[in-house]
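For the single chain, residues carry numbers from 1 onward in sequence order.
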Amino acid sequence: MLVSAATALRTKPTLVDDPSVNKIGGAPKFKVRAGAPVKLLISVPKGETYQIKLKIDGKYYDLGVASSGADGVVQVPTFRAGKPGMYIVALVNPKTGDTFYVKVFVR
């Protein structure tokens, strides 16, 4: 699921500046080809820590923890979208309970 450091460095990031807060239905959508690496930079409130989760086939997987810096951006670990379907990236703020969502459609 996660890619090598070399692949992550070569992958062009996609900036998501309007993630949906607490509602999966309103989350922005991005399309990628199956097998392509996905590298997302997600705008969130500055100076907060987030648990990063990836939902595949109805199950959430933990991708780690990251903090937003002065720019208010969290980089999601680069992952490979292995098979067609919808992948949901969730950034959970354990302090406030807010969750920021982004949908990745794999074709």
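- Here the shortest heavy-atom pairing between V106 and K83 reads CG1-O, 3.4 Å.
- Scanning for salt bridge (Lys or Arg N to Asp or Glu O under 4.0 Å) contacts around D17 gives an empty result, with sequence neighbours left out.
- Here the CZ atom belonging to F79 is positioned 7.0 Å from the CD1 atom belonging to I56, to the nearest 0.5 angstrom.
- Residues V76 and L54 form no side-chain contact, since every pair of their non-hydrogen atoms from C-beta on lies 4.5 Å or further apart.
- One finds the OG1 atom of T78 at 11.0 Å from the CZ atom of R10 (value rounded to the nearest 0.5 Å).
- Contact check for R80 versus P37: side-chain heavy atoms found under the 4.5 Å cut-off.
- To the nearest 0.5 Å, atoms CG (L2) and OG1 (T7) are separated by 11.5 Å.
- Atom OG1 in T99 sits 13.5 Å away from atom NZ in K23 (nearest 0.5 Å).
- The closest side-chain heavy-atom distance from D98 to E48 is not below 4.5 Å.
- L15 belongs to a hydrophobic cluster whose other members, connected by ILVMFWY side-chain contacts under 4.5 Å either directly or through intermediates, are L41, V73.
- Side-chain heavy-atom separations under 4.5 angstrom define the hydrophobic clusters, and the remaining members of the one that includes Y60 are I24, M86, I88, Y101, F105.
- Taking every heavy atom of both residues into account, K103 and A27 meet most closely at CG-CB, 4.0 Å.
- A 4.5 Å side-chain heavy-atom check between L40 and V104 finds at least one atom pair inside the cut-off.
- When side chains are defined from C-beta on, V16 counts as touching F30, because their heavy atoms get closer than 4.5 Å.
- To the nearest 0.5 Å, atoms CG (L91) and NZ (K53) are separated by 11.0 Å.
- Between S20 atom OG and K29 atom NZ the span is 10.5 Å, to the nearest 0.5 Å.
- Summarising the geometry of T49 relative to S67, their closest heavy-atom pair is OG1-OG, 3.0 Å, with the distance given to 0.1 Å.
- Using the six-membered ring where Trp is involved, Y50 and F100 have ring planes that are perpendicular, over 60° apart on the 30 and 60° scheme.
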